[in-house]
Amino acid sequence: MVQPASGDEEAHLAVTGAAPPVVGRRERKKQATRAALREAALRLSLRHGVENVTVEQIADEADIALRTFFNYFSSKEEAVVATLSAAAQELIAQFRARPRTETVLQAFREAVLIVMNQDDAASRNYIQALQLIRSAPTLVPRQLAVLAAQEKALADAIAEHIGHPAAHSTAYQTAGRSRDPIYPLLCAAAALTALRVVLDRWLRQTPDVGRPDMTLLGRQCDEAIAELAAGLDRPGAGVV
C-alpha cells in the first residue's frame, strides 16, 4: 500500500510548483484527510497555543484515528506548518500562471497578492499560521524547511518565466551546464526574503487577523519590489 506523503514531502512538493495532476477518488480522500488534520492542528493551536495541544487532540478534532495522523505527519508542529506548505505551492502555481509579458518581480507581486486574498479561507489560514509562528519558536525549524523548498521551486519557475531551462530539468542537464545559473537562484532568494520581511512588518501592523489591511500589504510589497528592482548596492555614508 502506498503511504500518503509526509509533511516534509508536502513541503518538497513545492519544488515542482506545477499544477496538481488529475487525481482519483482514493487520492482525493488522502488529500481531504491531510487537509482535515492540517486545519484541526491550526485551529487548536490558535485556540490553546501550540505547546498545549497534543496529536491525540488534533486527531480527535479531525475525527481521524491517531495512527492515521502519523501516516501524514510526524509531529503536531509539522501538521501546523503544513498550512505554509499549501500556501507555498499556491504561490508558485500563481507565479507560473502570470503572463510572460510581466517582469519577474511584477509577476511575483501579483502572485503574492492573489495568495494573500483576504476573502479566501486558505489565505486566512495562511495569515493565522504566520501569526502563530511569530509567537511559537518551536515552529520555526519547520517553517525554514518550507521556505527552502519554496526557494528552489521559485528559482525554477523564474528560469522558465525568462525563457531559461529550469536548473533541474532535462533540458538544463543536456545543455551541458556545469553549475546552476545564478540569476534565478539569487532572484528567488531575494524575492522570498523580501516577502518574509514585508509580511513580518505587515503582521506587526495588523493586530486584527480577521480584518487584515490588504491595501497596506500591497503598498509594502510595492516598496520592497521597488528596492529590489533599483538594486541594493549603495555608497557608504562617507563617500563624497
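Numbers here are sequence positions counted from 1. Any value given below was found using the heavy atoms of this structure, including those in side chains, with hydrogens, waters and symmetry copies removed.
Between F73 and V55, every side-chain heavy-atom pair lies at or beyond the 4.5 Å cut-off. Contact check for L192 versus L91: side-chain heavy atoms found under the 4.5 Å cut-off. Residues R124 and M116 fail the side-chain proximity criterion, which asks for heavy atoms closer than 4.5 Å. Proximity of Y126 to L84: side-chain heavy atoms (C-beta onward) are separated by under 4.5 Å at one or more points.
A donor-acceptor pair under 3.5 Å links the side-chain atoms of E78 to the main chain of S74, judged by distance alone. Looking at E151, its side chain never comes within 3.5 Å of a backbone N or O of A148 through a donor-acceptor pair. Within the 3.5 Å criterion, the main-chain N or O of C221 finds no donor-acceptor partner in the side chain of W202. A donor-acceptor contact shorter than 3.5 Å is absent between the side chain of T83 and the backbone of A129. Looking only at distances, no side-chain donor or acceptor of S45 sits under 3.5 Å from a matching main-chain atom of L42. Put simply, the side chain of T68 never gets that close to the backbone of I64: no donor and acceptor are under 3.5 Å apart. Not a single donor-acceptor pair under 3.5 Å links the side chain of K76 to the backbone N or O of I58. Here the side chain of E110 pairs no donor or acceptor atom with the backbone of A107 at under 3.5 angstrom. Not a single donor-acceptor pair under 3.5 Å links the side chain of R134 to the backbone N or O of L203.
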Q205 and Q220: side-chain hydrogen bond (donor to acceptor under 3.5 Å, both in side chains), yes or no, with the steps? CA-CA 11 Å; Q205 298 169 25; Q220 293 185 345; 3.1 Å; yes
Check step by step if side-chain contact (heavy atoms from CB on, under 4.5 Å) holds for E61 and E56. CA-CA 9 Å; E61 177 80 4; E56 290 84 359; over 6 Å; no
Could you walk me through whether T103 and F108 pass the side-chain contact (heavy atoms from CB on, under 4.5 Å) test, one step at a time? CA-CA 9 Å; T103 68; F108 182 75; over 6 Å; no
Given side-chain contact (heavy atoms from CB on, under 4.5 Å), test L199 with L217 step by step and report yes or no. CA-CA 8 Å; L199 289 176; L217 177 61; 4.0 Å; yes
Going through the distances and angles, do T33 and N71 end up as a side-chain contact (heavy atoms from CB on, under 4.5 Å)? CA-CA 10 Å; T33 299; N71 287 336; over 6 Å; no
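Counting heavy-atom neighbours within 6.0 Å of D63 CG, excluding the residue itself, gives a total of 12 or less.
Nearest heavy atoms, L105 versus I225: O-CD1, 3.6 Å. Smallest separation of non-hydrogen atoms from A159 and P184: CB-CG, 4.0 Å. Taking each heavy atom of I92 and A153 in turn, the nearest pair found is CG1-CB, 3.9 Å. Here the closest non-hydrogen pair linking A87 and V115 is O-CG1, 4.3 Å.
Atom CZ of R38 is separated from atom CD of Q31 by 9.5 Å, given to the nearest 0.5 angstrom. In this structure, R109 CZ and L195 CG are separated by 12.5 Å, a value rounded to the nearest 0.5 Å. With values rounded to the nearest 0.5 angstrom, L154 atom CG is found 7.0 Å from Q150 atom CD. The line from SG of C187 to CD1 of I162 is 8.0 Å long, rounded to the nearest 0.5 Å. Q106 CD to T101 OG1: the interatomic distance, rounded to the nearest 0.5 Å, is 8.5 Å. Rounding to the nearest 0.5 Å gives a distance of 6.5 Å between CD of Q57 and CG of L44.
In terms of hydrophobic clustering, with Ile, Leu, Val, Met, Phe, Trp and Tyr side chains grouped at heavy-atom distances under 4.5 Å, L228 and V198 are assigned to different clusters.
For R234, the salt bridge (Lys or Arg N to Asp or Glu O under 4.0 Å) partners are E227, not counting sequence neighbours. Residues meeting the salt bridge (Lys or Arg N to Asp or Glu O under 4.0 Å) test with R219, sequence neighbours left out: none. Legend: residues meeting ring pair (Phe, Tyr, Trp, His ring centres under 6.0 Å) with F95, ordered by chain and number and at least two apart, are H161.
Taking 4.0 Å as the cut-off between side-chain N and carboxylate O, R142 and E77 do not count as a salt-bridged pair. For the pair R204 and D200, the salt-bridge criterion is met [side-chain N within less than 4.0 Å of a carboxylate O].
Residues Q94 and E90 have side chains that bring a donor and an acceptor to within less than 3.5 angstrom of each other.
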